[in-house]
Every structure is written in structure tokens, then in C-alpha cells.
Asks: 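Please see the structure below; I have some questions.
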2 protein chains.
Amino acid sequence: MAKNSNQIIKNLSTDCVIFGFDNSELKVLVIKLAVEPGKGEWALPGSNILQEENLDIAAKRVLKELTGLDNVYMEQLYTFGDVYRFPLFRVVTVAYFALVKIEDYKPEPGPKVSDAQWFSIKKLPKLPFDHNEIINYALKRLKQRVRIRPIGFELLPLKFTLSQLQNLYETIMDFDMDKRNFRKKILGMNVLVPLEKQKGVPHRAAKLYRFDKRKYDSLKEKGYNFEI
Amino acid sequence: MAKNSNQIIKNLSTDCVIFGFDNSELKVLVIKLAVEPGKGEWALPGSNILQEENLDIAAKRVLKELTGLDNVYMEQLYTFGDVYRFPLFRVVTVAYFALVKIEDYKPEPGPKVSDAQWFSIKKLPKLPFDHNEIINYALKRLKQRVRIRPIGFELLPLKFTLSQLQNLYETIMDFDMDKRNFRKKILGMNVLVPLEKQKGVPHRAAKLYRFDKRKYDSLKEKGYNFEI
DNA sequence: GATAAATATTGTAAAAAATACACTAAGAAA
DNA sequence: TTTCTTAGTGTATTTTTTACAATATTTATC
């Protein structure tokens, strides 16, 4: 073999739980594989890791190859390695989760993928292997994260209203919040920049906001608290 | 080859950061390997994962084989997989951290280990590979965990005084707390059982407590909060 | 152009939690 | 009996969280 760099590591893969939010439901993107193994089944996008590829890079590559998604929030989730999780031979998978602005996502399934679809987290089909377990774990993590770090914005359009944001939080955390208290708290974090008003809505137009990542980063440095 | 079950997976290992507390300092147990690779160097206990072995089991086995430790608190930490983290060939390592009652620990280094030693987290030697990075990551995680879940007990003797406990928290989190407020909070969690008094101390004897895991589990079920 | 419909926006009082703070108690040793 | 050392305890203040409802803006409709 001429070069090593493109060889796969047979026992190691990465899988990604991709969350999106469509203004009413939390969704997960699953794909239908066009090739074996797993051909025809809905599954998490995942693939082997290459010999000369860091884990984070592999996770990004796989996401891009299978869904066309690029430049999204990603975080290592957990490593799942039960002996029989994959039926053919031993595969340990390093799972990641990603947060996607669902509006921006134009499905571009790669050549190995015959279909890609958002499923509501509440109406997921049975997926092969331990993929349902991985999603549950990711959801648990997302619920924790969203409470203590302002990452919810990654699921919203660049400009959003406070109602959209509250709705997102309520959907993820699965309980309602008081509107006034929510606004006080979120604006008090000083990471939202007010913009112009919404246009074309058939009622009072809400103010739009964007997330100020620079400000967030600098406040984080100083040890600020972002609990909601 | 007759059987597969004892074969190692060449590209996969597990490493463990073992924390202990000696009533004044937070410590990490590192071992000196008696065999190559890494012979003679202080390093985290770690080893390859076997073909037919779950990750958690592998982590426990390795800990036991290399240090004699058994039946300790363990949690998967993170998976480190930079291409060149191990110089000879590609090895991805699933890191764990463990919490040990340091008093109970009678070092029983296994045959592959020539020495085992507790180092203060503040005076760690330079370890090979990315082991220092793994320890830093583990420390960060421990600091988070200890704030929100009563796992500090795992580092103390079964019976301990509130002063010991406070001291532990202060050492890990790296700041001082008010004695009265600390007591109020920790006793308010309702997971400590008061026992008899200390004996043989040359001053007023403090009351001993033990952690009530059953109670903790049942309160956790009900969604109680254990933030300190 | 008045009214209805829909969503946006805003403040305050009460309750709960966190904080700050210092003296007395107990036991051993001198 | 005095000293030394650590254990143990309560309250007032501040801060944070919670609960709660009326007015404002815009478009659509009659």
C-alpha cells in the first residue's frame, strides 16, 4: 500500500447526533444509507475514522460527506463501545452532537446516502445498533448544556425574537417559563444585540436580536454565569 | 488463532486519572512502567482494550491490573485521539477518571508496574504522550462534578467530619467557604448520616458522618438539587 | 375608521436563597 | 486552671428568584 493516510481504522467510527429546531419541535437528522452495511435503514450519520485523522476532524468530515453540513456547532458526546453494539465485528464509536440552524440547511446528501430527514425527537423511528441510545444520551446532554451555556442560538436563525428563543428553551427543557422573568434573565446576560424589528408579521412586530459571540467569549473569560 | 477474546485492539486504549485526597492535597496516582513501551516513565495507568471487552470493563480491568484498585468510583471522561498523541502508531484512548479513598489504598502494583506514587496535582511531573492534558481535563471535570453532585465522599474515608469534607471541597474548588454556610447547605441535602464522635484527637472531638447512598439515589430520582 | 385578533412589551411585590459575620463549647495538654 | 486547638451554632442583610396582569402595536376584518 502506497500510503497510509486514507486507510480506515476498522474498529473505530464516529457518529453524529444532529439537532435542529423548527420553531415548534426539536428534531434530529437521520439518513438512509444507500450502501451496505445498513443499506436502506434510517441511521445516524457515521463512518469510520481514518488512520491519519484527528477525531474532531473525522466527525466534521463525516458530517459533511453524509449531509453536506459544514461549519456547525459540534461537541464530543461520549464513546460507545459495547462489544456487540455493531453486529458484524467490534466497532467502538466516538459520538458527537451538532446543533444546526435548520432553516439554513439545504439537504445535500452525499453519494452514500439515499435520503435524509428530520424526525421529531418524540417520534423517532427505531434505528439500528445503539443509535437510539446515543440520541437519548445526546438529548440528556443538550438539556444540561442549554441550561448553563448559551448555545441555544446555534439552533436558531442568526436573527431571532425573544419569543422564538424562549420557545426553544421551553421545548428543549420541557417546561414553561414566565415571559418576563425569561427576558430579564436572558437580556441580563449581556450577550444579545438588539436589531431592527421583524417585518411582515400580521401582529405587533417583535424586535430581533442576534447572539454576540465575541461578547460571550469575553464574559466567559471573566467567569460570568450563564445559567438560565 | 483459537480464540479472539483476548486479543487486543491495537488502535484503542483506555487511560485512567485516579484522584485521591490526603486531607490537605488533591493527588493523582501515576505509575512507572516496568515494560516497554514507556518503560521507566511515570504515566497514567492505561492499556489496550480487548476485542471482547466493553469499555467500562476494560477501564476497570486495567485499573485493577496496574494498581490493584477495585470497586472505586469511575466515570468516562473523554476520548483523546490526536493522530500523533502516541508516537509509534495511531492509538485512540478512552480516558476515565476514578475517585479513591486514599487511606484504603494499599499499593499493589501489578507485574508490569515497577512503582506507583501519588503526586500532588500541583506538583505533577511531565508525563509522556498527552497524559498531562488528560489530567488537566479530568481536573476540570472533577471541579464541575463536585459542585453539582455529592461525589466528594468517594475521596474520603467512610466516616468523616464536616471539617474534612469542607476542606476537601475547598481544595478541589480552590476557594474558601464559610463554615456555617457550608454546614447548613451540606446537611440540608439530607444525604449525611450522623454517627458517633471522633476519638483520640487532642481537642474537641468532631462528630463523624457517613454518606447515605440509598437516600441520595432516592432523592436524585425525585429531582433534588445537590449544588454546593 | 372602528373593532377584533394576535403577539410584544413592561414592573413590582413577595418569597426564597445566598451571604456575611463572631462567639461559645469541648477536650487535651501544659 | 490555664492554654491551645478545633467544633459547633444563629441571625440580619443582601441578592436572586418567583409570581403575577395590564398596556402597546400591528394587521386584518367588518
Side-chain angles (χ1 to χ4, degrees), chain A residues 21-24 146-150 156-157 159-171 173-210 219 222-228, chain B residues 21-24 146-150 156-157 159-171 173-210 219 222-228:
Chain A
F21 181 68
D22 73 350
N23 268 320
S24 76
V146 97
R147 278 196 86 101
I148 57 166
R149 217 169 288 172
L156 293 177
K159 299 175 180 187
F160 51 84
T161 68
L162 293 186
S163 295
Q164 274 180 295
L165 186 62
Q166 180 173 355
N167 185 225
L168 168 68
Y169 273 85
E170 289 178 343
T171 304
M173 308 210 296
D174 216 21
F175 61 80
D176 290 353
M177 289 179 260
D178 178 82
K179 205 201 294 196
R180 280 167 291 191
N181 295 338
F182 177 80
R183 282 165 187 243
K184 250 180 287 177
K185 224 167 184 177
I186 205 89
L187 291 177
M189 285 184 196
N190 289 309
V191 295
L192 293 188
V193 184
L195 303 168
E196 75 282 5
K197 283 186 180 174
Q198 264 182 328
K199 276 176 187 160
V201 288
H203 50 73
R204 178 171 177 181
K207 197 183 278 187
L208 292 165
Y209 292 83
R210 69 173 177 80
L219 289 175
K222 295 178 201 148
Y224 270 62
N225 208 47
F226 297 96
E227 270 183 58
I228 195 87
Chain B
F21 181 66
D22 72 350
N23 269 319
S24 75
V146 96
R147 279 196 84 100
I148 57 168
R149 218 168 289 175
L156 292 178
K159 301 176 180 185
F160 51 83
T161 68
L162 293 187
S163 297
Q164 274 180 295
L165 186 61
Q166 180 173 355
N167 185 224
L168 168 69
Y169 273 85
E170 290 178 341
T171 304
M173 310 211 296
D174 216 20
F175 61 79
D176 289 353
M177 289 178 260
D178 178 81
K179 203 202 296 194
R180 278 167 291 191
N181 295 339
F182 177 81
R183 281 165 189 244
K184 249 181 286 176
K185 223 168 185 177
I186 205 88
L187 291 176
M189 286 183 196
N190 288 310
V191 295
L192 294 189
V193 184
L195 303 169
E196 75 282 5
K197 284 188 182 174
Q198 265 182 327
K199 275 176 188 161
V201 287
H203 51 73
R204 180 172 176 179
K207 197 183 279 186
L208 292 165
Y209 291 83
R210 69 173 177 81
L219 289 175
K222 295 179 199 149
Y224 270 62
N225 208 49
F226 297 98
E227 269 183 59
I228 194 84

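The sequence lines fix the lettering, A, B, ..., with proteins before strands; numbering per chain opens at 1.
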Asks: Could you go through A/Phe226 and A/Val191, starting from their C-alpha distance and side-chain angles, then the distance that decides it, and tell me whether this counts as side-chain contact (heavy atoms from CB on, under 4.5 Å)?
Replies: CA-CA 10 Å; A/Phe226 297 96; A/Val191 295; 3.8 Å; yes
Asks: About how many Å separate OG1 of A/Thr171 and CD of A/Gln166, when rounded to the nearest 0.5 Å?
Replies: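 Reported value, rounded in 0.5 Å steps: 10.0 Å.
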Asks: I'd like to know if the side chain of B/Gln198 reaches the main chain of B/Ala205, judged simply by a donor and an acceptor atom lying under 3.5 Å from each other, with no hydrogens or angles considered.
Replies: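 No, the answer is negative, given that no donor and acceptor are paired below the 3.5 Å cut-off.
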Asks: For B/Arg180 and C/dA18, what is the distance between atoms CZ and C1' respectively, to the nearest whole Å?
Replies: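 About 14 Å, once rounded to whole Å.
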Asks: Find out whether B/Leu219 and B/Met189 are in side-chain contact, i.e. whether some heavy atom of one side chain is under 4.5 Å from a heavy atom of the other.
Replies: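 They are not in side-chain contact.
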Asks: Hey, is the side chain of A/Arg183 poking within less than 4.0 Å of OP1 or OP2 on C/dT9, counting only N and O atoms?
Replies: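 True: A/Arg183 side-chain N/O within range (under 4.0 Å) of C/dT9 OP1/OP2.
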Asks: Assuming nearest nucleotide by heavy-atom distance, tell me which of A/Ala206 and A/Lys184 is located more 5' along DNA chain C.
Replies: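 Result of the comparison: A/Ala206.
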Asks: Tell me the interatomic distance from A/Leu162, atom CG, to C/dT9, atom C1', rounded to whole angstroms.
Replies: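 Checked: the CG to C1' distance equals 10 Å.
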Asks: Walk me through it: do B/Lys184 and B/Asn181 pass the test side-chain contact (heavy atoms from CB on, under 4.5 Å)?
Replies: CA-CA 5 Å; B/Lys184 249 181 286 176; B/Asn181 295 339; 3.3 Å; yes
Asks: Just the rounded figure in Å: distance from C1' of C/dA18 to CG of B/Asn225.
Replies: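 Going from CG in B/Asn225 over to C1' in C/dA18 covers 14 Å.
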Asks: Which sits closer to the 5' end of DNA chain C, B/Asp178 or B/Lys185, going by the nucleotide each is nearest to?
Replies: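 Its nearest nucleotide being more 5', the pick is B/Lys185.
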Asks: Spell out yes or no: do the side chain of A/Arg204 and the base of C/dA6 have one donor N/O and one acceptor N/O closer than 3.5 Å?
Replies: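 No, no donor-acceptor pair under 3.5 Å.
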Asks: So if I take residues 190-197 of chain B and measure heavy-atom distances to DNA chain D, which residues fall below 4.0 Å?
Replies: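 Nucleic-acid contacts, sorted: none.
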Asks: Apply side-chain contact (heavy atoms from CB on, under 4.5 Å) to the pair B/Tyr209 and B/Leu165, showing each step before the final yes or no.
Replies: CA-CA 10 Å; B/Tyr209 291 83; B/Leu165 186 61; over 6 Å; no
Asks: Output the rounded distance in Å from CZ (A/Phe182) to P (C/dT9).
Replies: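 Result: 12 Å.
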Asks: Measure the shortest side-chain to side-chain distance between A/Ser163 and A/Arg183 over non-hydrogen atoms and say whether it is less than 4.5 angstrom.
Replies: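 The answer is yes, as the side chains (C-beta and beyond) meet within the 4.5 Å cut-off.
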Asks: How many Å lie between CG on A/Asn181 and P on C/dT10, as a whole number?
Replies: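 The answer, rounded to whole Å, is 14 Å.
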Asks: So, using side chain to side chain donor-acceptor pair (under 3.5 Å) as the criterion, who are the partners of B/Lys185 when residues are at least two apart?
Replies: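 Expected list: none.
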Asks: Rounded to the nearest angstrom, tell me the gap between atom CD in A/Glu227 and atom C1' in C/dA17.
Replies: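 In whole Å, C/dA17 C1' and A/Glu227 CD are 14 Å from each other.
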Asks: Below 4.0 Å from chain A heavy atoms, what is the first contacting nucleotide of DNA chain D and what is the last?
Replies: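 The contact span of chain A on DNA chain D goes from D/dT18 to D/dT27.
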Asks: NA contact type, B/Lys207, heavy-atom cut-off 4.0 Å: base, sugar-phosphate, or nothing?
Replies: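 The residue B/Lys207 makes sugar-phosphate contact but no base contact.
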Asks: Both B/His203 and B/Leu208 contact DNA chain D. Which one's nearest nucleotide lies toward the 5' end?
Replies: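 Closest to the 5' end, via its nearest nucleotide, is B/His203.
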Asks: Just by distance, do the side chain of B/Glu170 and the backbone of B/Met177 share a donor-acceptor pair under 3.5 Å?
Replies: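 Yes, because the side chain of B/Glu170 sits within donor-acceptor range (under 3.5 Å) of the backbone of B/Met177.
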Asks: May I have the distance from A/Gln164 (atom CD) to C/dT7 (atom C1'), rounded to whole angstrom?
Replies: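 It is 13 Å, rounded to the nearest whole Å.
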Asks: Reading DNA chain D from 5' onward, which residue's closest nucleotide shows up sooner: A/Gly200 or B/Pro202?
Replies: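 Going by which nucleotide is closer to the 5' end, it is B/Pro202.
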Asks: Please step through side-chain contact (heavy atoms from CB on, under 4.5 Å) for the pair A/Val146 and A/Leu168, ending with a clear verdict.
Replies: CA-CA 10 Å; A/Val146 97; A/Leu168 168 68; 5.8 Å; no
Asks: Without decimals, in angstroms, what is the distance between A/Lys179 NZ and C/dT9 P?
Replies: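 Computing the A/Lys179:NZ to C/dT9:P distance gives 8 Å.
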Asks: Is there a side-chain polar atom (N or O) of A/Ser163 under 4.0 Å from OP1 or OP2 of C/dT7?
Replies: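 No, outside the criterion.
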